[in-house]
> 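Got a structure for you, written out below as structure tokens; questions coming shortly.
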Amino acid sequence: MKVLSIIALSLFCLFSAVSYADADSGAAIANVGDGSGAPCAACHGMQGEGNQMAGFPRLAGLSQGYLVKQLNDYIEGRRISQIMAPNVNDLTSEQVEEVATYYANLPVTKSEALTVDPSGIGKILVESGDWHNYLPPCASCHGVDSAGVGAVFPALAGQHATYIMQQLQDWKTGTRNNDPLGLMSNIAKRLSDEQIQAVAHYLTSLEPKATKAKSSIND
């Protein structure tokens, strides 16, 4: 009996250690939560696919650096969201890295395409811009095929149009202002509501591409 008790105690400690490790992993935080807020999957889906109707962005395949920056901006108050803040405020820097790595490594899913403006305004603004109105093309910062560049400029191709429209409106009104040098704010203020819709719908129609991510925070 004493031997069995020792074995049982050892197994309990082992499983407790595994559970603790899992709780700190990116997958566990994303799908179960950290114990202080809702899991990411509640809004962003079990595969990080987001939600078109609700306007929750796709996270799967986005740059790890971008995701880390946005999470830290929420935590430190540079980006404001009554939904995000209470669910990420207690994450440690290690957990932020882990959950960002998890989503960056998920397979990319394309958003359900909405009707693209037949006038082609969205395509023109994304690829060529409107220099007469001081509007550079989205691709000049967000990269070829709007696949994203580094930690500052996220991939836009295949992202939900509802989310893109909301963010552009937030940049336009100043509700969001965590961009470097006010780049997005200045651009969004020059866009009409019709242009914002056209750009968002065109970007949604593009084929998304996954970004490379580190396999762990120690790589």
Side-chain angles (χ1 to χ4, degrees), residues 14-112 142-143 145-160 162-164 166-167 176 178 203-204 206-219:
L14 174 61
F15 287 128
S16 295
V18 171
S19 297
Y20 180 78
D22 285 344
D24 283 345
S25 73
I29 294 169
N31 296 307
V32 182
D34 69 337
S36 64
C40 311
C43 294
H44 296 283
M46 293 303 296
Q47 297 301 316
E49 71 275 16
N51 187 309
Q52 174 78 280
M53 296 300 294
F56 297 125
R58 168 179 59 80
L59 303 181
L62 292 182
S63 159
Q64 182 205 40
Y66 176 75
L67 292 172
V68 167
K69 180 185 185 305
Q70 297 309 306
L71 286 169
N72 284 329
D73 281 357
Y74 282 125
I75 292 170
E76 296 168 17
R78 290 186 294 270
R79 185 173 177 182
I80 307 301
S81 170
Q82 293 181 347
I83 296 176
M84 285 295 298
N87 293 314
V88 301
N89 279 348
D90 290 332
L91 294 180
T92 66
S93 58
E94 183 179 50
Q95 288 174 319
V96 166
E97 292 273 356
E98 288 173 340
V99 76
T101 299
Y102 169 73
Y103 277 116
N105 283 317
L106 285 180
V108 179
T109 56
K110 185 177 181 180
S111 174
E112 180 181 352
H142 292 274
D145 299 326
S146 298
V149 177
V152 178
F153 302 107
L156 300 177
Q159 183 59 271
H160 298 306
T162 48
Y163 175 73
I164 295 174
Q166 183 58 61
Q167 295 310 299
R176 181 177 176 184
N178 68 325
L203 289 169
T204 298
L206 298 178
E207 194 68 32
K209 295 182 180 180
T211 59
K212 293 182 179 180
K214 298 185 295 182
S215 60
S216 74
I217 62 172
N218 296 317
D219 288 349

> Between CD of Q159 and CG of L203, what distance do you get to the nearest 0.5 Å?
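Answer rounded to 0.5 Å: 9.5 Å.
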
> Starting from the C-alpha separation in whole Å, work towards a yes-or-no answer on side chain to side chain contact (heavy atoms under 4.5 Å, CB included) for N51 and H160.
CA-CA 8 Å; N51 187 309; H160 298 306; 5.6 Å; no

> State whether the side chain of D34 and the backbone N or O of S36 hold a donor-acceptor pair below 3.5 Å, judged by distance alone.
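Between the backbone of S36 and the side chain of D34 there is a qualifying donor-acceptor contact (under 3.5 Å).
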
> Have N105 and Q64 got a donor and an acceptor in their side chains that come within less than 3.5 Å?
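Per modelled atom types, N105 and Q64 side chains form no pair under 3.5 Å.
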
> Looking at every non-hydrogen atom in both residues, tell me the closest pair between S81 and P86 and how far apart they are.
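Distance-wise, the nearest heavy atoms are O-CD, 4.3 Å.
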
> Between R79 and Q70, is a side chain to side chain contact (heavy atoms under 4.5 Å, CB included) present by the stated rule, with each step listed?
CA-CA 7 Å; R79 185 173 177 182; Q70 297 309 306; 2.7 Å; yes

> If we ignore hydrogens and angles and just use 3.5 Å, is the side chain of Q166 paired with the main-chain N or O of I164 as donor and acceptor?
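No.
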
> Quick check: do V108 and R58 have side-chain heavy atoms less than 4.5 Å from each other?
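Side-chain contact under 4.5 Å: yes.
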
> Measure across A38 and N87 and return the closest heavy-atom pair with its distance rounded to 0.1 Å.
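Residues A38 and N87, closest heavy atoms: N-OD1, 2.8 Å.
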
> Would you name the heavy atoms of K69 and A151 that are closest together and state the gap between them?
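Result for this residue pair: CD-O, 3.8 Å.
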
> Output yes when a side-chain donor or acceptor of S146 lies under 3.5 Å from a complementary backbone atom of H142, and no otherwise.
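No, S146 side chain to H142 backbone: no donor-acceptor pair under 3.5 Å.
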
> Over all heavy atoms of both residues, which pair between L67 and A104 is shortest? Give the atoms and the distance, please.
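In this case the closest contact between L67 and A104 is CD1-N, 4.1 Å.
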
> Which is it for Y103 and C40 under the side chain to side chain contact (heavy atoms under 4.5 Å, CB included) test, yes or no, and what are the steps along the way?
CA-CA 10 Å; Y103 277 116; C40 311; 3.0 Å; yes

> Donor-acceptor pair, Q95 side chain versus T92 backbone, under 3.5 Å?
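Yes: the side chain of Q95 pairs with the backbone of T92.
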
> With rounding to the nearest 0.5 angstrom, report the CG to OH distance, L91 to Y74.
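These two atoms lie 13.0 Å from each other.
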
> Report yes if some heavy atom in the side chain of Q167 is under 4.5 Å from a heavy atom in the side chain of R176; otherwise report no.
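Yes - at least one pair of side-chain heavy atoms lies under 4.5 Å apart.
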
> Could you walk me through whether N89 and M84 pass the side chain to side chain contact (heavy atoms under 4.5 Å, CB included) test, one step at a time?
CA-CA 8 Å; N89 279 348; M84 285 295 298; over 6 Å; no

> Do N31 and Y102 have side-chain N/O donor and acceptor atoms under 3.5 Å apart?
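Yes, a side-chain donor-acceptor pair sits under 3.5 Å.
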
> Rounded to the nearest 0.5 Å, what separation is found between the CG atom of L106 and the OG1 atom of T101?
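One gets 11.0 Å once the value is rounded to the nearest 0.5 Å.
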
> Nearest 0.5 Å please: distance from the CG atom of L62 over to the CG atom of L156.
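The distance works out to 9.0 Å.
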
> Between S63 and G150, what is the shortest heavy-atom contact and its length?
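Residues S63 and G150, closest heavy atoms: OG-O, 3.4 Å.
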
> Is it true that a side-chain atom of Q52 and a backbone atom of T162 form a donor plus acceptor pair closer than 3.5 Å?
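The answer is yes, because a donor-acceptor pair under 3.5 Å joins these two groups.
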
> Do you know which two heavy atoms are closest between A147 and A155, and how far apart they sit?
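Shortest heavy-atom separation between A147 and A155 comes out as O-CB, 3.3 Å.
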
